[in-house]
Each structure stands twice: as structure tokens, then as C-alpha cells.
Number of protein chains: 2
Amino acid sequence: MARTVGSDGEKTAKAIQEKSLELFARHGYAAVSMRQIADAVGIQASGLYQYYKTKQQMLLDVMQRHMDELLAAWENSNCPADPTDALEHFTRFHISFHLTRPDAVFVSYMELRSLEEAEFDAIEALRKRYERILRDILRQGAAEKSFQIADPHVSAMAILAMITGVNTWYRSGGRLSQSKIRELYVAMVRGAVGLLPTQTPNSNDVQREVVHV
Amino acid sequence: MARTVGSDGEKTAKAIQEKSLELFARHGYAAVSMRQIADAVGIQASGLYQYYKTKQQMLLDVMQRHMDELLAAWENSNCPADPTDALEHFTRFHISFHLTRPDAVFVSYMELRSLEEAEFDAIEALRKRYERILRDILRQGAAEKSFQIADPHVSAMAILAMITGVNTWYRSGGRLSQSKIRELYVAMVRGAVGLLPTQTPNSNDVQREVVHV
DNA sequence: GTCTATAGATAGATAGAC
DNA sequence: GTCTATCTATCTATAGAC
């Protein structure tokens, strides 16, 4: 209790968040020890318990923050009303957001099984909320006959898997810019819902038109 | 050494393969102990070392067998020569194969980071061989101008992510049959490479045509 | 081929000093 | 807020009996 006036180790708190995320992403939750995290932060393992009651709570915090930020960023992204525009907007948003947080994405999708029941349910609810955003766009586009899809739920899962998959192969400094990658995926997503290429569909120039936007 | 004549515990060997796969898939490699595996098999933990020198070798074996079976199954699948037909064939093959082995798929994609360097390289080489199959189909279709794709490599990764993603949501006994799911994905894959729906593209019946094949 | 026993390391978490 | 010290449990892997 006898401690210097100040803000309760905010720097340490932040460092724990960063290092735990990094280590969980690289080695997996179960393979990382509290001592490893403490070493990375520069404190002793026992010091971590000032910030988290258990290791499990550290994982939950990482995933919770990621999902909260994802949903908040979506709310601030000004999605257009037209389903076709919305679908393109969602695709670009999703890829941009995910490419800037590869570690958090990786942990949030891979470590669901490391969560205990209550923690899993909390994260799963947030994930479903996000999935529903895309599903609603697809449903509306299907209702308006803009999209040629037989099953909006399946299409939503397929598209999400496709656009999240960028993270498995993208390396910054690679052959393609992020904006080029986004447009390649926009073209594929459009095709997957039965939209024609953005220009007339009977010329080889279509390809170039689709790519550069 | 004094042992009954026979085949060196083939039943136990098989049981270890099955149970280790099952447990790795459910809890993750790092979270599963040798004791847990031994319990599931019905022997003592020390007995496992008759079959595997280390836990790491057990993981490698699981993944090695999966990749070998995948590549062998592909060789036996009689892929047609035409790129469009080949792409549809690949899509159906991939989904069928992966839906019958959800645990092996899960472990093989999720536990790559749990492999030590040499083991990782071995599995990665097999994975690349499989990816190349799809990439070659896409390249050929692009060269023939059957497909409207700007980047066969990106398209291959996108399509693989999409069709592997079925495993994350499919539950047997669900709303859709496996064959219906395959055809939904074939339609999306076709769209993603710029192919028009199988029938005329300006009628709402197209949707039905695409779905049932 | 499977067992018991155990070595040797490391895990998550707590108590209490400063 | 971070430390040292430590508890208790569990881990992978080996030795050697049967």
C-alpha cells in the first residue's frame, strides 16, 4: 500500500496486454507460461497477478478487447445502405481491420477452445453479432435480387472465411499492396454473390477494371 | 522381450493415433498431456513411448498421415483436364475430403506453430504441394481466358480459405446435406473466378440452376 | 507390450516483505 | 506495484520389473 502517487502501473498494464497477445499468437495460449509473459514485460511472474486474477482472464481480455474494437470500428465505418455498396464496404473494412491486427485476429479465432464455458459464451456472442452484420447485408441483397445466392447464411460464412484468410498469407512488404489486395478480394466477393464484374462482362479488360479502383 | 507372438500391438498403435488426434483437435496439442492420451487409450503414459519417441512425433504423425492421405486421395480422384471442370472437381473433392476428417483438418491447420522447425518444414512442403494443385488449375484457366482473375496465387489462397471454412460451421444432421453444401460452394467458387452462373445470367431462375446439380 | 516408480523440470497461483 | 520464496500439482520422459 505504501506506494508513490500515480496511476497504478498503467505502463505495466499496457505492456502485459501487448506481450501476452504477442506470445499467445506466436506459441498458443496453453504453450505460454506466466513466467514467459512476465519476462517479456520485465517483471516477476507473481507481479502479473496484480493485473489479472488468472491466466484465463488474460486471454479473455485479449479477445474481448479485439471483438469490442472490431464492432466499434464497424459502427464508425459509415456503411452505405445499398446492399452491393455495403458488401464492398464490408469487404474492404474487414480486410483493412484484420490486416492491421494479425495477432489479435489469430488469437481470437484460434484460442476459442482455450476458453472456459462462460468466457467462451461471452466471446461467441460478440462473434455472432459481427457475422450477423454480413448476413444481413446478404439477405437484403438477396431480397432485392441484387445477389444471386441461394443461402445467405452459407454465403456469409464462406465470404468471412475467404476474407479472413488474407491474414494467413499476407506479409507486409510483399508483392502486393494492401489496397490492391482489398480490390482483388472485392472482385472475388462480388463474383461469389453472383454480381457481374464492374464493367461489361465480355471483354478481357474487365479484369483490369475490377482490380484497380 | 518375452512376449506372445503377434503383431506388436497394432490395436494399441491405432488407438493412440485415433485418441491423440481427437484430443489434439479438442484441446490443442500443448494443452493435452501424455497421461490424458494414455487414459483415453487405456494404458499407462509410459506405454506410449513404445510407439512414439516424443509427444512431438505423435503430432507430426497425425499431420503427416493427414497430408499423405489428402494428396493420395487427390491422385485417385481423376481430375478432368478442362480448367473449369477441374476447378469444380477440386472444390467438390476438397469439401468432401475435409468434411469427413474434421479433426485431422483442424489439427493440421491449427497446430503448425506447435511443430519444431524440421517437422514444420516437412508438413509445409506437403501443404504447398496441395496448394499448387489449385494454383495450377487457376493459372491454366486464366491463360485460356476462361477465368477472369488478376492473380492466380491470391485467388488460390482465397478459394482454399473459403472451402476449408466449411469445417468451422458444418455439423452433420444440420439443415443442409453435404451435397447441397458442395454445390453452393461450387457456385461461389465459380463466381469468384469470374465464371457466369451455369445458365443464362439474366433470370432469377439462375439461382436454382446453380444450386442443384 | 505394459506396468510401477521416479527423475527432473516447470506449471499456475499465493503469502508476505518492502 | 513489485519482489522473494514457496506451495502443490503436473509435465515429459526414462529405468527396469514382469
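Lettering follows sequence order; numbering is per chain, from 1. The model shown is predicted, which means the values in this text are computed figures rather than measured ones. Just so it is clear, the values below take in all heavy atoms, side chains as well, and ignore hydrogens, waters and symmetry mates.
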Whole-Å distance between D:dC18 P and B:Q44 CD?
17 Å
So, taking the atom named CD1 in B:I149 and the one named CG in B:L138, what distance separates them when rounded to the nearest 0.5 Å?
4.5 Å
Are B:R175 and A:D151 close enough for a salt bridge, meaning some N to O gap below 4.0 Å?
yes
D:dC11, OP1 or OP2 - any side-chain N/O from B:R35 closer than 4.0 Å?
yes
What residues from residues 16-34 of chain B pass a heavy-atom cutoff of under 4.0 Å to DNA chain D?
B:V32, B:S33, B:M34
How long is the span from the NE2 atom in B:H94 to the OH atom in B:Y185, to the nearest 0.5 Å?
10.5 Å
Interatomic distance, CG@A:L126 vs CD@A:E131, rounded to 0.5 Å, equals 11.5 Å
Report the distance from atom CG of A:D39 to atom P of D:dC3, rounded to the nearest whole Å.
11 Å
Residues A:R127 and A:E124 bridged, charged N to O under 4.0 Å
yes
Contact residues, residues 46-58 of chain B to DNA chain D [heavy atom, < 4.0 Å]
B:S46, B:Y49, B:T54, B:K55
Do the side chains of B:R92 and B:E88 get close enough for a salt bridge, i.e. N-O under 4.0 angstrom?
yes
Drop me the distance from B:I43's CD1 to B:L48's CG, to the nearest 0.5 angstrom.
4.5 Å
Does the distance from a Lys or Arg side-chain N to an Asp or Glu carboxylate O, for B:E18 and B:R65, drop under 4.0 Å?
no
